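Taking it in order: structure first as structure tokens, then the write-up.
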There are 2 protein chains.
Amino acid sequence: MSTYKIDDVARETGLTKRTIRYYEEIGLMPAPERSDGGTRRYTREHIDHLRRVIDARDVLGFSLQEIQEYLISAQELTGQRELYRQIQDPAEQLGKLREMDVTLDAQLRKLDEKIGKILALKKDLTELQERVRGGIDRLEPKD
Amino acid sequence: MSTYKIDDVARETGLTKRTIRYYEEIGLMPAPERSDGGTRRYTREHIDHLRRVIDARDVLGFSLQEIQEYLISAQELTGQRELYRQIQDPAEQLGKLREMDVTLDAQLRKLDEKIGKILALKKDLTELQERVRGGIDRLEPKD
DNA sequence: TCTAACGTTGACGTTAACGTTAATATGTAG
DNA sequence: CTACATATTAACGTTAACGTCAACGTTAGA
């Protein structure tokens, strides 16, 4: 399994090395394995993970804390399915899943709200553009 | 023309008084008229203006500096409109309108890009939720 | 007219999200 | 094995976006 040094990750993600370590520090990224000397060895999954974080940060304008809530629910099912399987008590499993369901509902509602407001803004701009284009049509030399 | 005190504006917008003064300080809002004693007297336009700022901040996740740029281009548009009316030469009018059309195109593309990425994220979350709900179904006591 | 409620301007405090620097250890090309 | 680029932690610095407090002036109602 090939690994990446922090500088490789920085180049691929566009983040600085400081930011990458910071995201690990605040729990936004799983801590990678270390070499004998203590050097971080990242995998491709770390890079994919960071890509999602960057998207949520830039596109949605989420705070890192909000991103954390989103990632926690994503991790608990996909990445750490093993940990989930170690929960023996089915009742506990069920509780965990229901908790995730509620969290996801909230996140999805947030997204819908955002989309709705952006669409409203888009409608305003589109209407203005239509008026502008009407003006252009009226002024353009017709043949 | 009826005016509003800062506390009224705060209540209507949900911003704090400190934030309102701060937005004026950094040029995010036109400075309102003052009473003889120096008390700020806001108009409805100030409130409408703040609403847009809040939307851009919360919905689009823009930094205050980005909002400033956005507002400037919005102002340019209205400025272009006023300018447009004063133009006598139809050829010049046509040029102005085409300029506005280009500006609007750029803004609309930005919004589309955001919507696209939000929809991608929404798809991810929805799929995750489906898997979670599948797990719940499997664990739930069946009768 | 008096006074309580509200407004004003500094000015310093706070938190998130990193940047920067220093002192030191590690990885690697020759 | 040496040298040099790159890594590590620790700690203090910085910027945006406000919060909070003090000291003081203004407004509005009884």
Side-chain angles (χ1 to χ4, degrees), chain A residues 1-43 46-47 49-72 110, chain B residues 1-44 46-47 49-72:
Chain A
M1 183 183 54
S2 69
T3 61
Y4 303 82
K5 284 177 289 182
I6 195 166
D7 213 32
D8 304 329
V9 178
R11 225 174 303 106
E12 277 210 54
T13 60
L15 299 174
T16 68
K17 293 178 279 184
R18 173 66 174 102
T19 300
I20 294 168
R21 294 198 194 97
Y22 176 66
Y23 282 3
E24 178 189 336
E25 184 187 330
I26 65 173
L28 255 191
M29 202 190 23
E33 302 291 308
R34 302 291 188 111
S35 73
D36 288 352
T39 301
R40 272 167 260 247
R41 299 297 184 174
Y42 298 94
T43 70
H46 286 100
I47 295 178
H49 182 95
L50 280 177
R51 286 241 156 80
R52 288 161 155 261
V53 170
I54 294 168
D55 259 22
R57 187 194 63 177
D58 291 349
V59 177
L60 301 179
F62 281 180
S63 73
L64 297 187
Q65 203 169 19
E66 286 174 311
I67 294 172
Q68 225 167 8
E69 293 167 18
Y70 158 61
L71 287 177
I72 282 168
K110 266 191 176 183
Chain B
M1 184 181 55
S2 70
T3 62
Y4 304 82
K5 286 175 290 182
I6 195 166
D7 215 31
D8 304 328
V9 178
R11 224 175 304 105
E12 277 209 53
T13 60
L15 299 174
T16 69
K17 294 179 278 183
R18 173 69 174 100
T19 300
I20 294 168
R21 293 199 195 96
Y22 176 67
Y23 282 4
E24 179 189 337
E25 184 186 331
I26 65 173
L28 256 191
M29 203 191 21
E33 302 290 308
R34 301 291 188 109
S35 74
D36 288 353
T39 302
R40 271 167 260 248
R41 299 296 185 177
Y42 298 94
T43 70
R44 183 125 296 273
H46 286 99
I47 296 177
H49 183 95
L50 280 177
R51 286 241 155 82
R52 285 200 224 147
V53 170
I54 294 168
D55 260 22
R57 187 193 64 179
D58 292 349
V59 178
L60 301 178
F62 284 177
S63 72
L64 297 187
Q65 201 169 19
E66 285 174 313
I67 293 173
Q68 234 167 4
E69 293 166 18
Y70 167 72
L71 288 177
I72 284 170

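Computed from a predicted structure; not experimentally measured. Lettering follows sequence order; numbering is per chain, from 1.
Side-chain contact between A:Met29 and A:Tyr22 is absent, with no heavy-atom pair separated by less than 4.5 Å. At least one side-chain heavy atom of B:Arg21 sits less than 4.5 Å from a side-chain heavy atom of B:Ile6.
Between the CD1 atom of A:Ile54 and the P atom of C:dA17 there is a distance of 15 Å, rounded to whole Å.
Here the nucleotide nearest the side chain of A:Thr19, chosen from C:dG19, D:dT8, C:dG7, is C:dG19. Across C:dC18, D:dA7, D:dC18, the shortest atom-to-atom separation from the side chain of A:Arg57 is found for C:dC18.
No engagement by B:Ile26 is indicated, since no non-hydrogen atom pair under 4.0 Å with the nucleic acid exists.
Dashed line: the shortest gap from a side-chain N or O of B:Tyr23 to OP1 or OP2 of D:dC18 is under 4.0 Å. A sub-4.0 Å separation between OP1 or OP2 of D:dT20 and a side-chain N or O of B:Arg18 is absent. Note on A:Lys17: a side-chain N or O is less than 4.0 Å away from OP1 or OP2 of D:dA7. Considering only side-chain N and O atoms, A:Thr16 lies under 4.0 angstrom from the phosphate OP1 or OP2 of C:dG19.
In summary, the side chains of B:Arg44 and B:Tyr4 do present a donor paired with an acceptor at a separation below 3.5 Å, with no hydrogens or angles considered.
Of the possible polar contacts, one joining the A:Gln68 side chain to the A:Ile26 backbone as a donor-acceptor pair under 3.5 Å is found.
Surrounding CD of B:Glu12 are more than 12 heavy atoms belonging to other residues, nucleotides or ligands, all under 6.0 Å away.
Of all the residues in residues 32-42 of chain B, B:Arg34, B:Gly38, B:Thr39, B:Arg40 reach under 4.0 Å from DNA chain C with at least one non-hydrogen atom.
Of the residues listed (A:Arg18, A:Arg57, A:His46), the one engaging A:Tyr23 in a side chain to side chain donor-acceptor pair (under 3.5 Å) is A:Arg57, and it is the only one.
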